[in-house]
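Below is one structure; the comments refer to it alone.
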Amino acid sequence: MYEILRREKWQDVLYSMWLKAPHIARAAQPGQFVILMTDEKGERIPLTIADIDREEGWIQIVFQIVGKTTTKLAQMNEGDELYAFVGPLGKPSEIDKYGTVVTIGGGTGIACVYPITKALKEAGNRVITIIGARTKDLIIMEDEMRKASTELLVTTDDGSYVRKGFVTDVLDEVLQREKNVRKVWAVGPAIMMKVICDVTKPYNVETIACLNAVMVDGTGMCGSCRVTVDGETKLTCVDGPEFNGHLVDWPEFLNRLLKYDQQEKQSLEIYNESLEAEG
Amino acid sequence: MTKMIPMKERGKRQQRAIRQQPVEERIHNFNEVPLGYTKEDAIYEAQRCLQCESPTCKDGCPAEVNIPEFIKKIVEEDFFGAYFELLKTNSLPAVCGRVCPQENQCYKTCVWNKAGKPVAVGRLERFIADWAREHNVHEESPKVKRKNKRVAIVGSGPAGLICAADLAKLGYDVTIFEALPKPGGVLIYGIPEFRLPKAIVEYEVNEIKRLGVTIVTNFVVGLTRRVDELAEEFDAIFLANGAGAPRFMGIPGENLNDVYSANEFLTRSNLMKAYRFPEYDTPIKVGKKVAVIGAGNVSMDSARTALRLGAEEVHIVYRRTRKEAPAREEEIAHAEEEGIIFDFLTLPTRVFGDEKGNITGVECIRMRLGKPDESGRRRPVPIEGTNFIMKVDMFIDAIGTSANPIVARSATGVQTNKWGYFVTDEKTCATTRAGIFAGGDIVRGAATVISALGDGKRAAKAIDDYLSSGGSLKENRQ
């Protein structure tokens, strides 16, 4: 069905997989995502598409182990098949010729901002890309990013690589130096995207946040992923996942991300215990 | 062999009751509530049928089941024959026998209804379908000439399934596209296990597959492939994607964490089997005190699910009275038996929460019924100064659904009305684009399984007419 063609372990908790899905590759656009289930008893999780090849019919995903589903996914091997793999979901990024734009990726968000960056540059933009992670080992796709953008800036929280600082520190410097930034894309942990929006607001630069809401079906049926944007309720799966970050109700969004926090921890604990028992 | 009984004897009998799981047990499990007829029950009930010369019961059945004929076969203990009689027109008998609102259909038009004791057609239908499943009876693949024409069906709910079955029996090459990983639509994600066991849906879906129907799951028409693209590959298309988008009341506080749409709550529990968490990975939360808004079947399903998941107190909050409640009488009665509290003439106006997103209470206002509105039902009017706080920690919106625009957006020339539902010809289900048909909830708004099924059957006939008379989407393109 949805075969894992290639699996790479990039770091302790960071993996990339290439999945056979010609029908999704055929239709996918930058900014869209997929939903997968590892097995019949599994949960549906959304993952942004990192790369596609229409001719070879594959989709690349990048993920970090955070809960039970990503733990199970990481244990799957080349040749194994996913129970469900559906997409492309959500609206594509609005790719246009804007002039100078900034794309920012944090953690696995680096992989998600890659196709957007590539498409923006292909559309004739001057693309300044900022990628950041907690530490050197978690900086991914640096070479690909360098090729995809006009200028690449790298930072690490702990200073173990290139420089010390958050992506927001680098962003602030860029905005001081560049007077014509038309648009900013932010992809990464929710709190990072919120802080990026706080940074860009005084500069009055439109900032697109790619929201990673909790979803079930991902096609507009359940409403689990709802978010308030400019006072209106929107569904991240069909109206997003990209929204004008200055209009997002961030406290509500951050709360909703934690809705199943306890259950997720419990689920992972039980699973890890069962793995240990098996040896 | 059992025989018909004298007319006089038929008149003396009352409708045979159906055995049920006792209340105190069933509120702690997800097993089916009605247990079904035994063979003796079925024969006893079937013998009550008058075998009218011009049967009116059939008029009430959108699935066009030949009711007297299959009942006669039960009396004769020819259950095999009864099953095939049902399958002639309805490929989902075990489903229909359970979830059809028979009181508005075959019961209503049964001549015994005037005496208040219609023949329990639904229970008999269920008995036969269950018997066939338990005895592993299968329908033979149809020996019809293949027609070499391809039909695409969008959505594998009741409308799509029945349309596929009817077209496959006529020799068409049918492919159903389903967005979710399991076929069945609302039968899988919406209706709970205790009302419609999923194994039964899977069985009947597999029977339809045996007719030669292909079901492609995890495929979102509108996103994975546009309807316009399907029109280049298929000769005809039936759009039966359902009215899947959730509706919220639009009151303050509805985006707090423990506010669910009924769609989300039921999809987590039914499709994703969250009621078996952590064996299944999908979590679900349930409060101690739950308010379910609305009084349709979906509200009853949500309330009863919350109860089974461990809620201590479950309220159904409805702005009208029991009389106007759209749910089936049987569903309301089951909910009442199980201890669901009904707050009629009550309207929530605000959900209160803390800074973490937890619900702390719901403000409501009391209502009275005023003059009838366009729907003919008396319009509920708020009574000033009757606001009060209902102490609940969970809130489920079960006030209906609206059209999901994904499919329609990808279908050029297929007109929708102002609510986003497809505009169709009532008799043929034809849309405004030749070769494309539509039915079920994406035309009617949230309605019933059986009305969707009726649309699926009408569409199958119309598609057969269209293709038989030389029509094809592929040719239109050229």
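Below, all heavy atoms of this structure are taken into account, side chains as well, without hydrogens, waters or symmetry copies. Quick note on labels: first sequence line is chain A, next is B, and so on, each numbered from 1.
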Atom group of [X] that falls short of 4.5 Å from chain A, counting heavy atoms:
X         : value
Leu256(B) : backbone
Ile406(B) : side chain
Ile284(B) : backbone
Arg276(B) : neither
Thr224(B) : both
Arg268(B) : side chain
Phe277(B) : side chain
Lys285(B) : both
Glu229(B) : side chain

Mind checking whether [X] and [Y] have side chains closer than 4.5 Å, heavy atoms only?
X         : Y         : answer
Thr267(B) : Arg44(A)  : no
Met272(B) : Val216(A) : yes
Lys41(A)  : Glu279(B) : yes

I'd like to know which of [options] tops the heavy-atom pair count under 4.5 Å against chain B.
options                                   : answer
Lys72(A), Met1(A), His23(A)               : His23(A)
Met221(A), Glu264(A), Gln266(A), Glu43(A) : Met221(A)
Gly42(A), Ala27(A), Pro251(A)             : Gly42(A)
Ala84(A), Gly87(A), Ser224(A), Gly223(A)  : Ser224(A)

Polar side-chain atom of [X] near backbone of [Y] as donor-acceptor pair, under 3.5 Å:
X         : Y         : value
Asn255(A) : Asn257(B) : no
Arg256(A) : Asn255(B) : yes
Asn404(B) : Thr219(A) : yes

Query - Neighbour count >12 (heavy atoms, 6.0 Å) for atom NZ, Lys289(B) - result: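 Counting neighbours around NZ of Lys289(B), 12 or fewer heavy atoms of other residues, nucleotides or ligands fall under 6.0 Å, so no.
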Query raised in the report: For Glu81(A), does the CD atom sit with more than 12 other heavy atoms under 6.0 Å from it, leaving out its own atoms?
Result: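 Enclosed.
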Query raised in the report: So, are Lys182(B) and Glu40(A) salt-bridged, with charged N and O less than 4.0 Å apart?
Result: yes
Query raised in the report: Side chain, backbone, both or neither: which part of Lys259(A) has an atom under 4.5 Å from a heavy atom of chain B?
Result: both
Query raised in the report: Does one side chain, of Asn218(B) or Tyr2(A), offer a donor that lies under 3.5 Å from an acceptor on the other?
Result: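 Yes.
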Query - When Gly242(B), Pro278(B), Gly357(B), Pro246(B) are compared by non-hydrogen pairs under 4.5 Å with chain A, the top option - result: Pro246(B)
Query raised in the report: Atom NZ in Lys91(A), atom CG in Leu223(B): separation rounded to 0.5 Å?
Result: 11.0 Å
